[in-house]
Amino acid sequence: RNIGHVLTGVYAVYHEFIRTFANDGFLQRINDMCTEHFGGKALSRLGAFYALLEVPPNASQEDIDRAFKLKSREYHSDMHARKGICQQDPDGMQKRITEARDELRNPRVRDEYRRGFLEPFSIMIKDIPKKLRKQAEEFLQKRKYEEVKQLLTCVKDFHRLACLVDPPLDGEQVRVDMHKAVKEHVNTIQANIADHWSRRKLKELHDDFTCLDRIDENFGAYAEIYSDTWKKDISKQVESDIDSLAEQARSYLSDDGASVEAKLKDFALKLILLGHILDDLPRFKEWTIIKLNNLLDTCQEQPWGFTYLFKLGIVLGQGKVGNKDPSGKVVVAEDQRIGKVLVGEFRHFKDVNTHLWNMQTEVTQKDPNATVNEIASKLVKNGSVAVDADVGRELLLRGFQQYKAEYDKRFHQWNAGHMRQEDLAGELIAQAKRLHPCSADQWTKPVRDSIPSL
């Protein structure tokens, strides 16, 4: 505003003396500034009157009369003559200061000038609260909470501008409106969290919780905007609902083996729901893992546990349980994926596979050297007395090593979930078919060489 007074006053007077430099780029920019912000030539004419009398914009009529008397003496021809000063056109200057006094004696003219260089900035200042609110809403929509926090910091200093307009703006109301905009956004996020959890839209819920964390970080110091009490409450509610879901699943394990197995798919469906929480809500992963481990431990401790877990692993791993697609025949891909995640994530399914595999192959667990040493071979010809015959121990041991290599390879593939039982059976059948035709009376070399692998 001080600059505006200079541009419309002192500069307006000087400008008539520097018109020969009118094409100068800098001067042209100053003229453009006057036109754009300070009323152009009309306001400069009034400002020149203040400059000629050297009075401020808030000068009263008495101030103007007093200034005129001083300037009148200064430019009077007799005064210059006594001082020996050669003044160019003193009569012209006398006329100008007289015109300035006469114009500025009019209160309407003085008000017009004050409004002229104050009002453009007043409009700008009065528009700031609306612009702040709009900017905050745009930032909130894009979830740029750091930028919103900077705006809230700026609002604290708004009182410095509020007093520069007439009537003064209510700085406190501006602060309240800004806080209200942020509070409304926080309420929306909280409502989204409650809605998404009730509808189990877990990926969206994760995004909402991430927003809430950033809101907590940026607005935690503003008690009237945000309180972490609600965040703690909703977290407790989610954990409580996870507990409830786990208890529902546990209820399917409370009967005898036959009844429990009849409800296996119902139990598996609850695990799928818990698996989605495990996979989509990282903040509740640890809590969900505890519940799933407890449920699977309960299965493992029952007399029928290993068989039940084995069948449960097949149902989950093969994607046979979950929500169906629109056709009603196929489990949706996401539920199939979660089933595989559960089988791969929890040791219980690996333990039962290892246990059952070892049960099927326990005969092979004896030391091979001891086994070979216990073998006796007798040769009987034409009903004569049997005599000892060569056992071929080295050949047997070599065959066992070939078998062991195949065993380890298949075991690790199966245990890692890379081979299903159907795949193993299919490979066995295909290998056996390659030996046809084959007689049980006499094994050919290809047959003998394939026995360890088969």
Side-chain angles (χ1 to χ4, degrees), residues 193-210 234-254 260-302 304-326 328-354 356 414-420:
I193 288 177
D195 177 63
H196 290 154
W197 173 242
S198 67
R199 294 195 287 156
R200 298 299 187 265
K201 300 182 74 171
L202 302 180
K203 287 184 172 62
E204 292 84 350
L205 182 62
H206 171 65
D207 293 340
D208 292 336
F209 267 115
T210 301
I234 190 64
S235 296
K236 288 179 180 178
Q237 180 186 332
V238 172
E239 289 179 353
S240 176
D241 289 350
I242 292 172
D243 290 346
S244 177
L245 195 59
E247 288 306 311
Q248 292 173 29
R250 190 181 300 279
S251 68
Y252 295 126
L253 304 176
S254 57
V260 168
E261 192 164 323
K263 300 174 183 176
L264 185 143
K265 286 195 174 182
D266 295 324
F267 180 75
L269 187 57
K270 297 298 182 186
L271 295 191
I272 291 289
L273 294 176
L274 288 168
H276 277 293
I277 297 173
L278 172 72
D279 196 57
D280 294 331
L281 289 180
R283 72 180 55 240
F284 299 104
K285 181 174 183 177
E286 184 176 346
W287 188 256
T288 308
I289 286 176
I290 291 173
K291 299 303 171 183
L292 284 166
N293 271 322
N294 288 341
L295 287 170
L296 296 174
D297 285 343
T298 300
C299 293
Q300 207 168 46
E301 292 165 0
Q302 305 304 317
W304 38 262
F306 276 102
T307 302
Y308 183 85
L309 281 171
F310 179 74
K311 293 179 179 179
L312 180 64
I314 291 177
V315 167
L316 293 172
Q318 295 181 356
K320 293 182 178 179
V321 66
N323 294 310
K324 297 295 196 316
D325 67 2
K329 297 179 180 179
V330 181
V331 174
V332 296
E334 189 63 12
D335 283 358
Q336 291 188 41
R337 184 185 69 81
I338 291 296
K340 291 179 172 62
V341 168
L342 291 172
V343 172
E345 185 86 12
F346 290 90
R347 60 171 177 78
H348 306 77
F349 297 107
K350 296 178 182 178
D351 290 349
V352 73
N353 284 345
T354 302
L356 292 174
W414 185 52
N415 201 37
H418 298 152
M419 175 177 283
R420 300 176 303 159

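This one's a predicted model, so the numbers in the text were calculated from it and none came from an experiment.
For Arg347, the salt bridge (charged side-chain N to carboxylate O under 4.0 Å, His left out) partners are Asp297, Asp351, not counting sequence neighbours. For Phe284, the ring-ring contact (aromatic ring centres under 6.0 Å, His included) criterion is met by Phe209, not counting sequence neighbours.
Atom CG of Leu309 is separated from atom CD of Gln302 by 10.0 Å, given to the nearest 0.5 angstrom. Separation of atoms OG1 (Thr210) and CG (Leu205) is listed at 9.5 Å; rounding is to 0.5 Å. The CD1 atom of Ile193 sits 10.5 Å away from the CG atom of Asp207 when rounded to the nearest 0.5 Å. To the nearest 0.5 Å, atom NE2 of residue His196 and atom CG of residue Asp208 are 5.5 Å apart. Interatomic distance, CG of Leu253 versus CG of Leu264, reported as 9.5 Å (0.5 Å rounding). Atom-to-atom distance recorded for Leu278:CG and Ile272:CD1 is 11.0 Å, nearest 0.5 angstrom.
The heavy-atom pair separating Ile338 from His276 by the smallest distance is CG1-CE1, 3.4 Å. Here the closest heavy-atom approach between residue Glu239 and residue Trp287 is recorded as O-NE1, 3.4 Å. The shortest heavy-atom contact between Pro282 and His206 is CD-ND1, 3.4 Å. In plain terms, the two heavy atoms of Ala249 and Phe267 that are nearest each other are O-CD1, 3.2 Å. Closest heavy-atom contact between Ser251 and Ser254: O-OG, 2.9 Å.
For Arg199 and Trp197, the positive end is not near the middle of the six-membered ring at less than 6.0 Å and at most 45° from its axis.
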Using the side-chain contact (heavy atoms from CB on, under 4.5 Å) rule, take Asp195 and Glu204 through it: C-alpha gap first, then chi angles, then the decisive distance, then the call.
-> CA-CA 10 Å; Asp195 177 63; Glu204 292 84 350; over 6 Å; no
From CA spacing to verdict: side-chain contact (heavy atoms from CB on, under 4.5 Å), Lys311, Thr307 = CA-CA 6 Å; Lys311 293 179 179 179; Thr307 302; 3.9 Å; yes
Test log, rule side-chain contact (heavy atoms from CB on, under 4.5 Å), inputs Phe349 and Leu296 | CA-CA 9 Å; Phe349 297 107; Leu296 296 174; 4.0 Å; yes
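Between Arg337 and Glu334 there is a salt bridge, since at least one side-chain N of the basic residue sits less than 4.0 Å from a carboxylate O of the acidic one.
Listed for the Thr298 side chain is a donor-acceptor partner under 3.5 Å among the backbone atoms of Asn294.
Aromatic ring orientation, Trp304 versus Tyr308: perpendicular (interplanar angle above 60°, classes split at 30° and 60°).
Residues Val330 and Gln336 are in side-chain contact: their nearest non-hydrogen atoms beyond the backbone lie under 4.5 Å apart.
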Under 3.5 Å, side-chain donor or acceptor atoms of residues 312-324 against the rest of the protein: list the pairs with distances, not counting sequence neighbours.
from: Gln318; atom 1: OE1; to: Lys320; atom 2: NZ; distance (Å): 2.9
from: Asn323; atom 1: ND2; to: Asp335; atom 2: OD2; distance (Å): 3.4

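Checked against Asp280 for a salt bridge (Lys or Arg N to Asp or Glu O under 4.0 Å), the options Lys203, Lys201, Lys285, Arg200 give a single hit: Lys203.
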